[in-house]
Amino acid sequence: MAVTQQLARVSAEYLASCRTRAAESSDGDHQWDPPAADSLDLDWAPAMLARVCDIAGVDGSHLAALRQATDGGGVLDVGFLNAHPHAIGFFGPTPTGLEAREVEQVSGLLAGIGFRAALAALPSDDHVAGLLIGHGAEGLTRGPGEYLRVHFDELRELYEGASKRGFVIVSWWD
């Protein structure tokens, strides 16, 4: 079983109802089940996305926002989602989350990253580019460019949609 980065955008009310269900349930069942349309499997892309931006010289505030987009934050308490036997992320760190105002800030900064330009800064040979990126990028079947472009676009769109709806983002490894 592969362990991959998962993200979901949900309303603060939905998250509160999950917290309440967990507290009221004898076994801590939060009944976490965000809609598929509001969920994203980033696979193993987070470290690779950050590395591409680092190689391309993306400025610190945008790079920090990209890392926050995948690492989450410590302000939003979502630890209840990791209580046995209903933990959503058995194989990684405790799930994290960003509140709506943080989501809005991160969304704006993600929109300002010229990711296609960052990809253009990589060597044209896919294997060499993958070796430079590291984190397993050299083994991607179709090369790192398309794989990372798709994942970055999906991440940006997830945050844009969450920001427009005033949603929070929860992230975990599963």
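Please read these numbers as outputs of a predicted model, since none were measured by experiment. Worth knowing before you read on, the calculation uses all heavy atoms, side chains too, and leaves out hydrogens, waters and symmetry mates.
Two residues are said to be in side-chain contact when any heavy atoms from C-beta on lie closer than 4.5 Å; Gln68 and Thr96 fail this criterion. The side-chain heavy atoms of Ile88 and Gln6, taken from C-beta on, include no pair separated by under 4.5 Å. Between Leu148 and Ile133, the closest side-chain pair of non-hydrogen atoms falls below 4.5 Å. With a 4.5 Å cut-off on side-chain heavy atoms, Leu155 and Gln5 do not count as touching. Phe167 places none of its side-chain heavy atoms less than 4.5 Å from the side chain of Leu15.
Distance NE2/His86 to CZ/Phe80: 13.0 Å, rounded to 0.5 Å. A distance of 11.0 Å separates CG in Leu40 from OG in Ser171, rounded to the nearest 0.5 Å. Atom CG of Leu109 and atom CG of Leu63 lie 11.0 Å apart (nearest 0.5 Å). Here Gln31 contributes atom CD and Ser17 contributes atom OG; the two are 8.5 Å apart, rounded to the nearest 0.5 Å.
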field: Derivation and outcome, side chain to side chain contact (heavy atoms under 4.5 Å, CB included), residues Tyr147 and Thr141
entry: CA-CA 9 Å; Tyr147 171 85; Thr141 306; over 6 Å; no
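Side-chain atoms of Tyr14 come within 3.5 Å of backbone atoms of Asp33 as a donor-acceptor pair (strictly under, hydrogens ignored). With hydrogens and angles ignored, the 3.5 Å screen pairs a side-chain donor or acceptor of Tyr159 with a backbone N or O of Ala69. A distance-only check finds no donor-acceptor pair linking the side chain of Arg156 to the backbone of Ile113 [under 3.5 Å]. Between the side chain of Gln105 and the main chain of Glu102, no donor-acceptor pair closer than 3.5 Å is present. The backbone N or O of Ala16 sits less than 3.5 Å from a side-chain atom of Thr20, completing a donor-acceptor pair.
Ser163 and Val103 make their closest contact through N-CG1, 3.8 Å (heavy atoms, listed as atom of the first residue, atom of the second, distance). A pairwise comparison of heavy atoms in Glu99 and Leu76 identifies CG-CD1, 3.9 Å as the closest pair. Arg165 approaches Asp38 most closely through the heavy-atom pair NH1-OD1, 2.9 Å. Of all the heavy atoms in Pro95 and Val78, the pair that sits closest is O-CG2, 3.2 Å. The shortest heavy-atom contact between Ile169 and Arg9 is CD1-CB, 3.6 Å. Between Gly145 and Leu119, the shortest heavy-atom distance links the atoms O-CD1, 3.6 Å.
In this structure, Trp172 and Trp32 have perpendicular ring planes: the angle between them is above 60°, well past the 30° mark.
Leu110 and Leu158 end up in the same hydrophobic cluster when Ile, Leu, Val, Met, Phe, Trp and Tyr side chains are linked at under 4.5 Å. The same ILVMFWY cluster, assembled from side-chain heavy atoms under 4.5 Å apart, contains both Leu66 and Phe115.
Annotation: Glu154, atom CD; neighbour count of heavy atoms from other residues, nucleotides and ligands within 6.0 Å is above 12.
In this structure, Glu157 has no salt bridge (charged side-chain N to carboxylate O under 4.0 Å, His left out) partners at least two apart in sequence or on a different chain.
Taking 4.0 Å as the cut-off between side-chain N and carboxylate O, Glu146 and Arg149 count as a salt-bridged pair.
The stretch residues 120-130 participates, sequence neighbours left out, in no side chain to side chain donor-acceptor pair (under 3.5 Å) pair at all.
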Show me the donor-acceptor pairs within less than 3.5 Å that the side chains of residues 46-62 make with the rest of the protein, sequence neighbours left out.
unit_1: Arg51; atom_1: NE; unit_2: Leu132; atom_2: O; d: 3.3
unit_1: Arg51; atom_1: NH1; unit_2: Asp54; atom_2: OD2; d: 3.4
unit_1: Arg51; atom_1: NH2; unit_2: Leu132; atom_2: O; d: 3.3
unit_1: Asp59; atom_1: OD1; unit_2: Ser61; atom_2: N; d: 3.1
unit_1: Asp59; atom_1: OD1; unit_2: Ser61; atom_2: OG; d: 2.6
unit_1: Asp59; atom_1: OD1; unit_2: His62; atom_2: N; d: 3.3
unit_1: Asp59; atom_1: OD1; unit_2: His62; atom_2: ND1; d: 3.1
unit_1: Asp59; atom_1: OD2; unit_2: His62; atom_2: ND1; d: 2.6

